[in-house]
Amino acid sequence: MADLLTLNGWLLALLQAALFVAGAPLLTIWVKRNKCRLQNRRAPSLLQPYRDLAKLFRKQVVLAENASPLFRCAPYIVFAATVLAAATIPLLSTNLPTAAIADMIVLVGFLAVGRFFLALAGMDIGTAFGGMGASREVSLSSLAEPAMLMVIFTLAMSAQSTNLSSVVQYLYDAGLVLRPSLLFALLGLLLVAVAESGRIPVDNPATHLELTMVHEAMILEYSGRHLALMEWAAQLKLMIFGVLIVNIFFPWGIATELSASALFIGLLAVTVKLSLIGVVLAFAETSLAKMRVFLVPQFLNLAFLLALLGALSHIILEVDI
Amino acid sequence: MTIAQYSLSEQAVLILAALVLFTSFALLAQQRMLASIHVFAWQGVLVAASTAMIAGVYDKHHLYFSALLTMGLKAMLMPWMLRRLVERLGIAHQVETVVRPALVLLGAAALVVFSYYVALPIEKLSSLSTRNTIAISMAVVLIGMLMMVARRQAVSQVVGFMSMENGLFFAAVVSTHGMPMVVELGIAFDVLVAAVLFGVFFFQIRDSIESLDVDRLNRLSENSEITGVRE
């Protein structure tokens, strides 16, 4: 954390957060394009999500008569909380001033703040769908969050820090070590990521079928720039989990110093890793069917169990008393 | 000595050991008959693979034979026998209801912690890199026992019993690098004979109580009149 107070460090942190926010729609469309190709459909262009967002930002906002100020504030709060969460994650470089301020527990906290306001906004208008979506989202995340925290504790036991930069730096320095705890943490985090970013088999972002939707049900009443911010926040969430997975468990290539060449290699590495994980996600989504809502708690229990096994196997197998 | 100081193949042994423990949990959580037999087969494959890895790492050639035996018996023959049995009994797609599944899984996690504490003094006596896995193999044995307690279906109790045997074999391999061949062969064929006998028992139990739910064995005295009528 030597660059905590230098101007360069902060500039880089800002730049990286901006890149994160700008790149999020790209990951979503990448997954979508791969899915289209796997299902023999014509794929939309890579710029499509940007065009959609631009269109929504230009459009007029239609508000329900009984919408409270909270309904109007919620998109900004949700988006801001998600962007702040993204800013704490090392994307290109581990040497971040933002990471020195916030650790992984704060990251979970930011996501929770976003989710809290999203659920409130879902219930604000008083439609049945909004309430249903909010109740589902909250009950699922109450199961996903402990699993996520357990994964974080497992990582923290190995790296002896809950700071994301230190964890990535530690795992990068250790080189290739096959740790059972990391294997289980990776599997647990994959399941949590699928549940939290609302992908198949937990939720389907591409459908508005009333019986199955979770995230879409909450933002059904939004339009115009509000909807754009909500959708962008959802895309950011997918990106956050993608970057967490690739940069923690496969940290190779990430920049550990602030030089132009190292940062360029970091950018290249993270792009390649994210596009690979996008292909994997597309394959998984094509081959799996969406599961019943009542089976999702079992799915998340498995995530928690995997994370717990990770913590236990760290204590049993990896340290000597 | 931390894990980073071991060689890659030693780390791979530890990964395989952790996966064996995971399959034990999966067995405990799995409620479909056929799927739990498949998980049991995978456990056999993992135990065989880790035995072969240990044989390679420590240059113990007789362990290759043990690995082959485990692969053949526990990963192929016994799952195949159980599967055929389950199909002949017509319960292959039966879903067994486990009472309080989340509590049973938490109990299993507690058993892992317990076996860790029990195995700590044993591990201090050893200097092998696999000594930490003694706790794992003990946990596999205990979880197999928990499965026999928690399940009512006779077939899943047998699967639990077999996975206990997997744990015992694993303990022998990781703590002493294998038992004498005579003992190993003896146990392997004992389990094989047990599997055959269990098969006979299943049919007996089903004929006498028309179900494989062993809880109903408690009610034999109440049903004696009914059986009398049938005779």
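A note on names: the letters A, B, ... follow the listed sequences, proteins ahead of strands, and every chain is numbered from 1. Only a predicted model underlies this, so the values are computations on that prediction, with no experimental measurement involved. The figures here come from the full heavy-atom set of this structure, side chains too, leaving out hydrogens, waters and symmetry mates.
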Legend entry - Proximity breakdown for A:L306 and chain B, heavy-atom pairs closer than 4.5 Å: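 For A:L306, side-chain heavy atoms alone lie under 4.5 Å from chain B.
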Inset, instruction - Measure up the B:F22 and A:F184 rings against each other and bin them: parallel (under 30°), tilted (30 to 60°), perpendicular (over 60°). - result: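 Aromatic pair B:F22/A:F184 classed tilted.
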Legend entry - Contacting region of B:F25 [heavy-atom separation from chain A under 4.5 Å]: side chain
Inset, instruction - Measure B:L21 against the heavy atoms of chain A and call it side chain, backbone, both or neither at under 4.5 Å. - result: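 Side chain of B:L21 only, per the 4.5 Å heavy-atom cut-off to chain A.
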Legend entry - A:E196-A:S141 side chain donor-acceptor pair, cut-off 3.5 Å: no
Inset, instruction - Report yes if some heavy atom in the side chain of B:E165 is under 4.5 Å from a heavy atom in the side chain of B:M78; otherwise report no. - result: no
Legend entry - Residue pair B:Y64 / B:L68, side-chain heavy-atom distance below 4.5 Å: no
Legend entry - Closest-packed option against chain B by number of heavy-atom pairs under 4.5 Å, given A:N301, A:L302, A:L183: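 So the answer, after comparing A:N301, A:L302, A:L183, is A:L183.
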Legend entry - Closest-packed option against chain A by number of heavy-atom pairs under 4.5 Å, given B:V113, B:L19, B:L16, B:L105: B:L19
Inset, instruction - Would you indicate whether A:F116, at its atom CZ, is surrounded by more than 12 heavy atoms from other residues, nucleotides or ligands within a distance under 6.0 Å? - result: no
